[in-house]
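Here is the structure we will look at, set down as structure tokens.
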Amino acid sequence: MTTTGALPPAQLLRARTAVVIAFITAGLAFSSFIARTPALRDALGLSTAQLGLLLLCMSGGAVAGLPLSGPLVHRLGPGRAVLAGALSMTVGLALLAVGMATALVPVAALGLVASGLGTGVWDVAMNVEGADVERRLGRSLMPRLHAGFSLGTVAGAGIGASCAALGVPLQGQLVGIVVLLPIVVAPAVRRFLPVPEAAAGEARTGSGVLTAWREPRTLVVGLMVLAFAFTEGSANDWVAIAMVDGHGTSETLGAIAFGFFVAAMTAGRMAGGTALDRFGRVVVVRATAVIALAGLLLMLLGGSVPVALAGALLWGIGASLGFPVGMSAAADDPARAAARVSVVSSIGYTAFIAGPPLIGILGEHAGILRALFVVLGALVLGLLAAGASRPLER
């Protein structure tokens, strides 16, 4: 969805700030409890494989919401869609806190489904808005928006590590996030770009999602995003566990390793716009895949905690640009942006539905460090699909 006509520079800057806030808040809400997956596992008395299946609930909710997000953005506009996603995540995190407090796994699972559903809608809507603002400003913005998401994950990891060090229960931490989300998101979305009257007509005549599912380039871009989403998501879900179970560290150090990963992703995305402008999407995506491979091998084969932490840093840099580049590639044509971003996100998020149970089951039988070798296959897929990210000719 795009707006038409020129807008005052001040309004564009306000919209840019608002979409940055949306990205940062999404990252914080997600990572604040993901950084403490050992605490989630222990509170509910789960095994590693069972934790993987529980995390599948959030991924499944996200994947279920993504096909609906394109039409929803067309009907409501990106701002209202982001708000709807944030409210769904708020309810989900509240249910997760209740499930942990009562040791009821079904309640926690329902909370993760609602959180995932909100995450999927929120993700597509803010990417569509970010692409629109980027086009109107006339300069690269998407990598820095995703850097904003990473900044949010850094803040969330810091909150998680601090709460773990202070002995604050995870459910108490979740209550604070539940209070924060609507207070921050509701005012921000009011500053999104105005939705034109033509948007209602677009919703009635169809969003174009079915057509986008038949476009070869869109599908291959989706596979590239899937590869990097798997690379990123594997670290999000399992870096802390890999440090605690694989390297024998404390929960606090596991949260710190997760913080290293997301901090490196933030740095990669902050510098990513310059690299993309200079070398182009294809070269940069392939280079980051190689860097992620090096980091993964250090994490798994380094044999010591300092080397594993260095691996987390390289893993974060390597995983940093695949997702935002995929979103930019999907949104190259503003008239089809919402539909294509929805399709690419739907494909990409299958990594989050397959990754947690796959790695969890493998980790149960072979150990978490050996299980993470499956990420190598995702990186090969990313290398092969990177060519599809080449910008469309205007």
Side-chain angles (χ1 to χ4, degrees), residues 30-31 34-35 37 48-49 51-53 55-56 58-59 62-63 146 150 153 157 222-247 254 257-265 268-269 284-303 305 307-326 347-386 389:
F30 168 74
S31 72
I34 288 294
T37 48
T48 301
L51 175 63
L53 292 174
L55 294 174
L56 174 63
M58 185 169 186
S59 303
V63 172
H146 284 262
S150 296
T153 63
L223 290 177
M224 184 193 78
V225 171
L226 182 150
F228 280 91
F230 189 89
T231 302
E232 176 184 348
S234 298
N236 286 333
D237 290 336
W238 297 107
V239 157
I241 297 290
M243 294 299 294
V244 173
D245 292 358
H247 292 286
F258 175 73
F260 273 31
F261 171 80
V262 294
M265 284 195 66
R269 287 171 172 172
V284 170
V285 169
R286 288 173 176 165
T288 54
V290 173
I291 293 171
L293 173 62
L296 178 65
L297 292 177
L298 286 178
M299 168 66 74
L300 303 182
L301 302 177
V305 172
V307 173
L309 291 174
L313 286 171
L314 290 179
W315 193 347
I317 293 171
S320 63
L321 294 178
F323 203 103
V325 167
I347 297 171
Y349 268 79
T350 60
F352 296 123
I353 198 171
L358 173 62
I359 294 175
I361 292 170
L362 291 175
E364 186 78 7
H365 293 90
I368 188 61
L369 295 182
R370 290 181 180 177
L372 286 170
F373 273 100
V374 299
V375 180
L376 296 176
L379 291 171
V380 171
L381 177 62
L383 283 167
L384 294 176
S389 66

Heavy-atom closest contact (Gly348 atom, Ala229 atom, distance): O-CB, 3.5 Å
Pairwise side-chain contact, Met265 with Ile317, heavy-atom cut-off 4.5 Å (strictly under): no
Rounded distance (nearest 0.5 Å) linking atom CG of Leu313 with atom CD1 of Ile291: 12.0 Å
Under 3.5 Å: donor-acceptor pair, side chain of His247, backbone of Met299: yes
Separation between NE2 of His365 and CZ of Arg370, rounded to the nearest 0.5 Å: 13.5 Å
Straight-line distance of Leu369 CG to Trp238 CH2, nearest 0.5 Å: 12.0 Å
Rounded distance (nearest 0.5 Å) linking atom CG of Leu379 with atom OG1 of Thr231: 4.0 Å
Min side-chain heavy-atom separation Phe373-Leu297 under 4.5 Å: yes
Closest non-hydrogen atom pair between Met243 and Val305, with its separation: CE-CG1, 4.0 Å
Contact summary for Arg269 and Phe323, nearest pair of heavy atoms: NH2-CB, 4.1 Å
Thr288 side chain to Val285 backbone, donor-acceptor under 3.5 Å: yes
Val284 vs Val325, side-chain contact (heavy atoms from CB on, under 4.5 Å): CA-CA, chis, key distance, verdict: CA-CA 9 Å; Val284 170; Val325 167; 5.7 Å; no
Separation between CD1 of Ile241 and OG1 of Thr37, rounded to the nearest 0.5 Å: 4.0 Å
Closest heavy-atom pair and its distance - Gly322, Val225: O-CG2, 4.3 Å
Trp315 side-chain N/O to Ala264 backbone N/O, donor-acceptor pair under 3.5 Å: no
Val374 side chain reached by Leu362 side chain, heavy atoms, under 4.5 Å: yes
Atom of Ala227, atom of Gly382 and distance for their closest heavy-atom approach: CB-N, 3.4 Å
Residues that Val307 engages under side-chain contact (heavy atoms from CB on, under 4.5 Å), provided they are two or more places apart: Leu298, Ser304
Where Ser31 and Ala157 come nearest, the two heavy atoms and their spacing: OG-N, 3.5 Å
Spacing of CD1 belonging to Ile359 relative to CG belonging to Leu55, to within rounding of 0.5 Å: 10.5 Å
